[in-house]
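What follows is a short report on a single structure.
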Amino acid sequence: MPATVVVGAQWGDEGKGKIVDLLAQEADVVGRYQGGPNAGHTIIVDGETFKIRQVPSGIISGKTCVIGAGCVVDPEVLLSELDELEARGIDPSVVVVSGNAHLIMPWHVAIDQAGERRLGKLQIGTTRRGIGPAYADKAARIGIRVQDVLDPKILRQKIEVALAEKNVWLERVYEADPFDLEDVASRYERYAQRLRAYVGDTSLLVDRALRDGKEVLFEGAQATLLDLDHGTYPFVTSSSTVAANAAGGIGIGPTRIDRVIGVAKAYVTRVGAGPFPTEIDGPDQERMRELGAEYGTVTGRERRCGWLDLVALRYAVRVNGFTSLALTKLDVLSSFSELRVCVRYRLRDGSETEDFPPHQSDFHSAVPVYETLRGWAEPLGDELPHAARAYVDFVERALGVEVSLVGTGAERESVVALT
């Protein structure tokens with residue numbers, strides 16, 4: 001049985017958690033293939049709100065939840081999240097963490113925070129959760145992996161070796177306080193004692209599930225335009241977010257993936273710094289933010305809001321190979337009498353293009369070319385108003401991809417399936 005990948009199609013916060021939670025009702029295994037606790041997925045079920053950072057969204061439905069090798073894990077965040085879920089009646093024993101995933105250590109967080117401060121006005125806008133430095137150590141082959149918690153001696157040795165270098169950087173480069181070996185070692189050994197019960201061979205687990213004909217669902221933590229290779233670099237995350245990495249991040253072959261579902265808001269938001277061609281000027285920015293409750297799940301930061309960008313969305317279709325699209329938060333647009341949709345970019349030389357610019361300088365200076373569609377000014381139910389359906393049809397035609405699901409509210413049930 002092939003697997004399904006759910007990918008954010010914009011800069012994140014598209015409602016991936018809700019769509020994964022919805023699809024998880026029919027799945028047996030849900031796996032996260034990249035990222036760490038720097039992105040939150042909000043899920044509302046029966047009036048209860050769950051804000052998840054590290055655990056796959058399938059946990060709410062009691063599905064086997066895999067944290068793959070492509071992820072970075074903050075043990076303090078993970079264990080705290082599992083405790084909170086258990087206190088709310090959800091069994092945490094369904095979670096399995098790859099031994100090949102890397103640990104976020106306290107010096108990663110400290111370097112992330114100090115590094116952003118040093119950049120000043122040139123800040124990337126990271127969540128300062130240590131994600132980038134953890135992936136940097138992974139690439140430099142000096143990282144500490146989840147499997148290292150299985151042996152107290154190895155764990156302590158790796159912490160000792162790492163601190164010998166990281167404390168020098170913290171003190172001499174970042175003018176920050178160093179870490180005490182005994183404090184870090186004892187703290188992480190306490191985490192390790194609990195974390196060991198969750199460590200497993202997630203690649204083998206997923207492979208066997210697929211061979212047994214089970215439904216497997218993969219989710220990313222971040223979205224397409226934050227991809228390290230294909231996103232709006234340097235204002236990106238530190239791992240590959242696109243659908244192709246689901247196979248590598250989990251540990252299966254790419255031929256096992258059958259469906260790729262993109263998730264996009266009916267408008268666009270972005271957190272942190274970086275170019276944003278369709279960002280709204282004036283009072284409609286704040287209006288959209290309030291209507292959509294556009295504040296970061298993890299950080300609480302205000303999200304920048306903009307009109308739907310079909311140039312960027314067409315790019316996401318290309319690099320992910322979407323087989324269908326879930327268009328979320330269409331209800332937020334119900335309060336606007338007119339809706340602008342970016343259909344092309346005007347570049348510095350005066351030419352216009354429907355294709356995403358391959359070079360950063362062109363994207364930074366791109367000016368959106370809009371078409372204006374009629375709003376519907378009425379609430380959305382099981383049947384979409386004519387103008388709302390026309391908006392969805394416009395997106396479908398422009399992208400050449402079927403819109404299969406439309407989000408009409410925050411709750412799990414507030415979804416219209418289109419045929």
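Values below: every heavy atom of this structure, side chains too, minus hydrogens, waters and symmetry copies. Small disclaimer: the values here were computed from a predicted structure and weren't measured.
- Applying the salt bridge (Lys or Arg N to Asp or Glu O under 4.0 Å) test to residues at least two apart or on different chains, none of the pairs has a partner in residues 95-104.
- With rounding to the nearest 0.5 angstrom, the OG1 atom of T49 is 8.5 Å from the CD atom of E411.
- Proximity of a side-chain donor or acceptor of N320 to a complementary backbone N or O of F322 within less than 3.5 Å is not detected.
- The shortest distance between side-chain heavy atoms of I261 and L23 falls below 4.5 Å.
- Here R187 pairs with D183 in a salt bridge; the nearest charged N to carboxylate O distance falls below 4.0 Å.
- Listed for the D227 side chain is a donor-acceptor partner under 3.5 Å among the backbone atoms of T241.
- A salt bridge does not link R53 with E84: none of the charged nitrogens is closer than 4.0 Å to a carboxylate oxygen.
- Between P277 and F363 there is a side-chain heavy-atom pair separated by less than 4.5 Å.
- Ion pair R303/D13 flagged as a salt bridge, since at least one NZ, NE, NH1 or NH2 atom sits closer than 4.0 Å to an Asp/Glu carboxylate oxygen.
- Within a 6.0 Å radius of OH in Y370, other residues, nucleotides and ligands contribute more than 12 heavy atoms.
- Salt bridge absent: K18 and D21 never bring a charged side-chain N and a carboxylate O closer than 4.0 Å.
- A salt bridge links K166 with D137: the closest approach of a Lys/Arg side-chain nitrogen to an acidic carboxylate oxygen falls below 4.0 angstrom.
- A distance of 6.5 Å separates CG of L228 from OG of S238, quoted to the nearest 0.5 Å.
- A 4.5 Å side-chain heavy-atom check between N100 and R145 finds at least one atom pair inside the cut-off.
- Side-chain contact between L204 and R208 is present, with at least one heavy-atom pair separated by less than 4.5 Å.
- Counting non-hydrogen atoms of other residues, nucleotides and ligands closer than 6.0 Å to CZ of R172 gives a total of 12 or fewer.
- Proximity of Y174 to Q113: side-chain heavy atoms (C-beta onward) are nowhere separated by under 4.5 Å.
- Between the side chain of Q10 and the backbone N or O of Y267, at least one donor-acceptor pair lies under 3.5 Å.
- With salt bridges taken as basic N to acidic carboxylate O contacts below 4.0 Å, none links K265 and E14.
- We find that R340 and D284 are not joined by a salt bridge, their nearest charged nitrogen and carboxylate oxygen being 4.0 Å or further apart.
- When side chains are defined from C-beta on, R156 does not count as touching Y188, because their heavy atoms never get closer than 4.5 Å.
- Under the 3.5 Å distance criterion, the side-chain polar atoms of D112 are matched with a main-chain donor or acceptor of R129.
- When all heavy atoms are compared, the tightest approach of G36 to I131 is CA-CD1, 4.0 Å.
- Using a cutoff of 4.0 Å between basic side-chain nitrogens and carboxylate oxygens, E189 and R196 are scored as salt-bridged.
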Could you pull out all donor-acceptor pairs under 3.5 Å where a side-chain atom in residues 390-399 meets a protein atom, sequence neighbours excluded?
from : atom 1 : to   : atom 2 : distance (Å)
Y391 : OH     : A266 : O      : 2.6
D393 : OD1    : R389 : NE     : 3.1
E396 : OE2    : V403 : N      : 2.7

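- Counting heavy atoms from C-beta outward, W376 and L339 have side chains that approach closer than 4.5 Å.
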**Report entry** Working for salt bridge (charged side-chain N to carboxylate O under 4.0 Å, His left out), residues R194 and D83
**Finding:** CA-CA 11 Å; R194 295 190 56 199; D83 288 343; 2.7 Å; yes
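- A salt bridge is absent between R318 and D355; no separation between the charged side-chain nitrogens and carboxylate oxygens falls under 4.0 Å.
- Between the CD atom of Q25 and the CD atom of E215 there is a distance of 13.0 Å, given to the nearest 0.5 Å.
- One N or O on the side chain of D91 and one on the backbone of S93 form a donor-acceptor pair closer than 3.5 Å.
- Put simply, the side chain of Q54 never gets that close to the backbone of E81: no donor and acceptor are under 3.5 Å apart.
- The shortest distance between side-chain heavy atoms of W107 and N167 does not fall below 4.5 Å.
- In this structure, OG1 in T224 is found 11.0 Å from CH2 in W11, a value given to the nearest 0.5 Å.
- Side chain to side chain, T408 and D331 fail the donor-acceptor criterion of an N or O pair below 3.5 Å.
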